Amino acid sequence: MQLIEHSDSPRYIRLHERDNVVVVVNDQGVPQGTEFADGLVTAEFVPQSHKVLLEDLAVGDPVIRYGQIIGYALQPIRRGSWVKEDLLRMPSAPPLDSLPLSTEVPAVQAPLEGFTFEGYRNADGTVGTRNILGITTTVQCVTGVLDHAVKRIKDELLPRYPHVDDVVALTHSYGCGVAITATDAYIPIRTVRNLARNPNLGGEALVISLGCEKLQAGQVMHEDDSSVDLSEPWLYRLQDASHGFGEMVEQIMELAEVRLKKLDQRRRETVPASELVLGMQCGGSDAFSGITANPALGYASDLLLRAGATVMFSEVTEVRDAIYLLTSRAESEAVARELVREMDWYDRYLAKGEADRSANTTPGNKKGGLSNIVEKSLGSIVKSGSSAINGVLGPGERFTRKGLIFCATPASDFVCGTLQLAAGMNLHVFTTGRGTPYGLAMAPVVKVSTRSELAQRWPDLIDIDAGRIATGRASIEELGWELFHFYLDVASGKQQTWAERHKLHNDITLFNPAPIT
Ligand code: CA
């Protein structure tokens, strides 16, 4: 990376030697006629994080960023111009039948030994970073009663069990009025099932059901619902209550207290860093995401993988246009084909809804300098670092092996976060350029800003400022190590993230590609 740097002089970042556009670093942008240190002069005002052209382009010439083509000039464009979305024709998505499969598998890097965190060991072998009572639901009908009960549990019971971090109701919009046997219904069903098995919930299952709904409690507890003993005291059906609302609340509180007592006995113990299951995603991205925050995450991801941990990246619509860079990195042809399978599934899902892949970029992304989904994708996959991709999970599937895993999810922040929780993550990291107060109730969320200006405006929401990379105050390597240590401290409970301190969390949002009836 070439960085032209003086604290108040005009500055830009060029990421790759092949690039013919650079990104403006200065907070207020640069006015028309600004001369950079290398002699480049702007032909017009260019805002921060937007692109300036390095050479004259004729119609059809490629615009190159990250060393890859992000679009073709729709009209002649002069050197020094602001390269905006409407000047570019977007390249078509890479065809899935001619991708390089496992052709450039990165070598395994030297192991990192001796890193640990303090976590909660679960009976199934996983490790929690928090000790939370999760109360699963089969249907939205129970939400009102359960929310009422959970408020009372938090007010009246939780203070008596100081070793329990929180009580979370796993409420959602699924369960009834849905085509439960539809082809794609397995996705929301296994998501509900696997959310209840998240390592941060300590394995103390409690399911609240209405009674008559389509999604039955047995299906939530086990894939093979005939093997579930429904007389077990992990289940309470509201329709069994003979004395109305008051009885329902009392029953739920009683069942919750039995579990709080057990969870309160648990203590953190020292576990190897390999027990970390980190889920990564971005939201409110800008053109800095791929320069500062995402490369720092990528560096930290490589460190975690060297320490034996599990790192998940996601967001199908944000890797689709750069998929050729991922299939080549898959550890085997089989893993590459799984990546292709997930891309193909999503292509068909979007086609069914007659949605275009360009529907991904938001007005905020564009304001932040991202011209299209190709440019966004190239910046997004940087999070995955430089290691081989070891596995692929379908939406709502739970992880079964360590390493770098592509967890197929939509890019929507809440849906991605929910599916990564179902996949078994015990820690989440989220990069943002435009800014979002996003949080999750079931796992700590580390928020990393792509720009220092955002970190300064939101000092009590942003945990790590990666904008320091753009201004030359920190290198990607330094920030990568800082993140690595911060992850371990947050996992240990020594550090709380801002979202955690403020108790900010978004709803569990299921991905239901199947019909509603
Ligand atoms: Ca996202």
Side-chain angles (χ1 to χ4, degrees), residues 187 191 278-298 301 311-323 326 342-343 346 349-350 355 357-370 372-385 393-396 405-423 425 427-451 454 458 461-464 466 497 499 504-513:
I187 292 177
T191 305
L278 178 74
M280 307 188 289
Q281 72 154 320
C282 48
S285 298
D286 65 6
F288 271 31
S289 299
I291 299 174
T292 59
N294 292 349
L297 258 66
S301 161
V311 181
M312 299 189 293
F313 69 112
S314 290
E315 302 176 285
V316 172
T317 49
E318 290 174 11
V319 307
R320 175 66 181 88
D321 282 272
I323 190 64
L326 299 179
E342 292 304 328
M343 298 301 117
Y346 218 92
Y349 167 69
L350 288 179
R357 73 199 214 279
S358 65
N360 175 293
T361 36
T362 64
N365 291 155
K366 289 173 183 172
K367 207 174 165 209
L370 289 174
N372 57 36
I373 186 61
V374 180
E375 185 179 12
K376 188 173 174 180
S377 298
L378 290 165
S380 172
I381 64 159
V382 178
K383 288 197 287 294
S384 67
L393 293 174
I405 309 292
F406 180 72
C407 172
T409 77
S412 160
D413 298 349
F414 338 104
V415 180
C416 173
T418 299
L419 291 171
Q420 288 188 344
L421 286 168
M425 78 166 164
L427 181 70
H428 195 45
V429 62
F430 189 99
T431 68
T432 183
R434 306 298 298 166
T436 161
Y438 172 85
L440 294 171
M442 284 166 58
V445 177
V446 176
K447 282 211 294 295
V448 181
S449 75
T450 69
R451 294 171 303 119
L454 174 63
W458 289 14
L461 288 166
I462 300 296
D463 298 291
I464 303 265
T497 67
L504 301 180
H505 56 81
N506 292 97
D507 292 339
I508 285 171
T509 312
L510 296 182
F511 181 36
N512 178 21

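Both counts, for ligands and for their atoms, begin at 1 and track the order of listing. Any value given below was found using the heavy atoms of this structure, including those in side chains, with hydrogens, waters and symmetry copies removed. Predicted, not measured: the structure shown is a model, and the values here were computed from it.
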inquiry  = Distance check below 3.0 Å: does Gln281 bring an N, O or S atom to the Ca ion (ligand 1)?
reply    = yes
request  = Please name the atom of Asp413, restricted to N, O or S, that is closest to the Ca ion (ligand 1).
outcome  = OD1
message = Could you check whether any side-chain heavy atom of Thr432 comes within less than 4.5 Å of a side-chain heavy atom of Tyr438, counting everything from C-beta outward?
response = no
request  = Find, among atoms of Glu315 that are N, O or S, the one nearest to the Ca ion (ligand 1), and state its name.
outcome  = OE2
ask   = Going by heavy atoms in the side chains, are Met425 and Leu440 under 4.5 Å from each other?
value = yes
ask   = Is there side-chain contact between Leu297 and Thr431, with at least one heavy-atom pair below 4.5 Å?
value = yes
message = Side chains of Asp286 and Asn365, heavy atoms from C-beta outward: is any pair under 4.5 Å?
response = no
ask   = Do you see an N/O/S atom of Cys416, backbone or side chain, under 3.0 Å from the Ca ion (ligand 1)?
value = no
query = Counting backbone and side chain alike, does Ala411 bring an N/O/S atom below 3.0 Å of the Ca ion (ligand 1)?
reply = yes
key: Contact check, side chains of Ile405 and Val311, non-hydrogen atoms, under 4.5 Å   = no
